[in-house]
J.: 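The following block contains the structure, expressed as structure tokens.
Every number for a ligand or one of its atoms is a count from 1 in the order of the listing. Worth saying up front: this structure is predicted, and the values here are computed from it rather than measured. Keep in mind that the numbers below use all heavy atoms, side chains included, and drop hydrogens, waters and symmetry copies.
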Amino acid sequence: MFRDVVSIDDLSDQEIENVFDIADAFLSDMATPEKPYRIQGRASVAEDFILATLFYEPSTRTRMSFESAMLRLGGRVISSADARATSTAKGETIADTVRVTQNYADVIVIRHPWEGAAQVAADYADIPVINAGDGAHEHPTQTLCDLYTLRTAQQPRRGRTTRESLKDLTVVLSGDLRHGRTVHSLAYALARFGARIVPLPAAENYSFPDHVRHRLETDYGCIPVAVDEVLGESLPADVLYVTPEKPHQLSLITSDVAEVSIKLSLKEQKALRSIKGVDFFYATRLQAERKDADEAEIDYPVVNAEFLKKKPYKHSQVMHPLPRVNELSYDLDDDSRGVYFRQAAYGVPVRMALIAALLELRPGLGGPLREKYPIYNRADTLSCPNLQCVTRQSSEQRYLTPQFRIIGQERPVVRCMYCDHEQEPHIISNARSRKYRKETSAWKSIKIDDLVLFSDERDAEQAGHQPVKTDAPVSASHA
Ligand code: NCD
């Protein structure tokens, strides 16, 4: 059974660790001591394999490092550098493009402006698909390079494994957190490996979208803590996300931000209070191509040597997925704290390792990961609220049906399986009785297979469902 990497969550912690061990081995075999981060020469690992790159958005690093990685593995590459100039221009759907491409190659790397496009490719291809960035959604392989950089920049001080290296690091994610796909995937991974995340958006409307914030809390157990409680006034951020090792009963710090009592062990609270500064500052550019046309210009923050003189940043290493525009000064290029070019160089060994693992040329990946949430796939009752979602595009709607993960507890909140945007339907109904109600807190009394969700009453009525007349539980007739 082959695997895809569409989200960073398509790899378990152990699999990420294994991929990094493979990358370590490639570097130790193929890099020179003068440039220990740079692969040279050509191995005989993937000689019989072809990688196809389908890029529907501009790219330098990601496409070239994927292609370089495949060539360094001894494999071959076919590339549609500007996939917009392919049959897509003639109206071909993503599903058809990948069903054709799968016969020309052994692994597909796709970048696309629509959120969820890589999931569609993965659903329709019978070879591994790697997401090289889908709109503002995710960019899992950039995250692998970022994690590898974080891990490597810590050695030998913090330990060899990713968890040992990342646990309790304080990492600022700065810039356009709303549209930046790199920071979305990275935030999920940092939470998983126990690093502390300090979101520092360029302006208020560049904060993490609700679904990202919510996922940090629901999927990884992150807890938002008011920054001034731990770092004093020195950091111009409101909130810091901490992932407790396990839920604790003790509750001492109260977070103004979350308005909840934070349940951290004494040890974790002590560790929080002893944070002296930021270990890594991850800068990102304004994603101008995804910004609304009527959005006001903002004073975008710039990271430079002067900025790093501020107390919390004195010992911060600076990362950036690149390309930079104005937000990262050239005066840091020769500063040992600037690790962004090394981060870009790691794109090759890390992607070599991932390709080799996906093609089963190196052991490292297990069977498919277990689905965490029940799936809701009554295609005709809900649509994704995100206009950039692949399921909202007319060309793809001819064959795609929306699907959602049911993640709600109190109420039936659902998350799009393509772009991860969430919504809370206001009507619940039962497929058998076709009786609906507005009181959604009773949703768990309906069997998942019978559950029908609607955004509003009009949709329910249009679908032929009628309001319940009594207060009897919805499922009473067939419980
Ligand atoms: C990033 C991307 O495409 O999301 N670039 C990259 O892959 N290294 C970041 C960006 O374009 O700002």
J.: Salt bridge check, D168 against R196: does any charged N sit closer than 4.0 Å to a carboxylate O?
T.: yes
J.: Report the nearest protein non-hydrogen atom to atom 9 (C) of ligand 1: residue, atom name, distance rounded to 0.1 Å.
T.: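 Ranking protein heavy atoms by distance from atom 9 (C) of ligand 1, first comes L322 O, 3.7 Å.
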J.: For Y346 and Y148, take the angle between the two ring planes, folded into 0 to 90°, and tell me which bin it lands in: parallel under 30, tilted 30 to 60, perpendicular over 60.
T.: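 Perpendicular, since the angle between the ring planes exceeds 60°.
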J.: Identify, by atom number and element, the atoms of ligand 1 in contact range of T62, meaning under 4.0 Å from any of its heavy atoms.
T.: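 The list of qualifying atoms is 6 (C), 7 (O).
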J.: Can you tell me if E57 contacts ligand 1 (heavy atom of the residue under 4.0 Å from the ligand)?
T.: no
J.: Going by the atom numbers of ligand 1, which of them fall below 4.0 Å from some non-hydrogen atom of P323?
T.: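 Every atom of ligand 1 under 4.0 Å from some heavy atom of P323: 10 (C), 11 (O).
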J.: Charged N to carboxylate O under 4.0 angstrom, R405 versus D219?
T.: no
J.: Out of all atoms in ligand 1, which are within 4.0 Å of some heavy atom of T182? Include the element for each.
T.: 1 (C), 4 (O), 9 (C)
J.: For H139, take its heavy atoms, then give the atoms of ligand 1 lying under 4.0 Å from any of them.
T.: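 Numbered from 1, ligand 1 contributes 2 (C), 4 (O), 6 (C), 7 (O).
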J.: Do any heavy atoms of T284 fall under 4.0 Å from ligand 1?
T.: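 Distance cut 4.0 Å: T284 fails for ligand 1.
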J.: Give the residue, atom name and distance (to 0.1 Å) of the protein heavy atom nearest atom 11 (O) of ligand 1.
T.: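 Nearest protein contact, heavy atoms only, for atom 11 (O) of ligand 1 is R285 NH2, 2.9 Å.
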J.: Verify the distance criterion only: is there a donor paired with an acceptor across the side chains of Y124 and D96 at less than 3.5 Å?
T.: no
J.: Determine whether the side chain, the backbone, both or neither of R181 has a heavy atom under 4.0 Å from any heavy atom of ligand 1.
T.: side chain
J.: If we ignore angles and hydrogens, is there a donor and acceptor under 3.5 Å between the side chains of T93 and S395?
T.: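 S395 and T93 do not have a side-chain donor-acceptor pair below 3.5 Å.
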J.: Quick one: is the NZ or CZ of R351 closer than 6.0 Å to the six-membered ring centre of F66, and within 45° of its axis?
T.: yes
J.: Relative to the ring of H184, is the ring of F208 parallel (under 30°), tilted (30 to 60°) or perpendicular (over 60°)?
T.: tilted
J.: Which of the numbered atoms in ligand 1 are under 4.0 angstrom from any heavy atom belonging to R61?
T.: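 The atoms of ligand 1 under 4.0 Å from a heavy atom of R61 are 8 (N).
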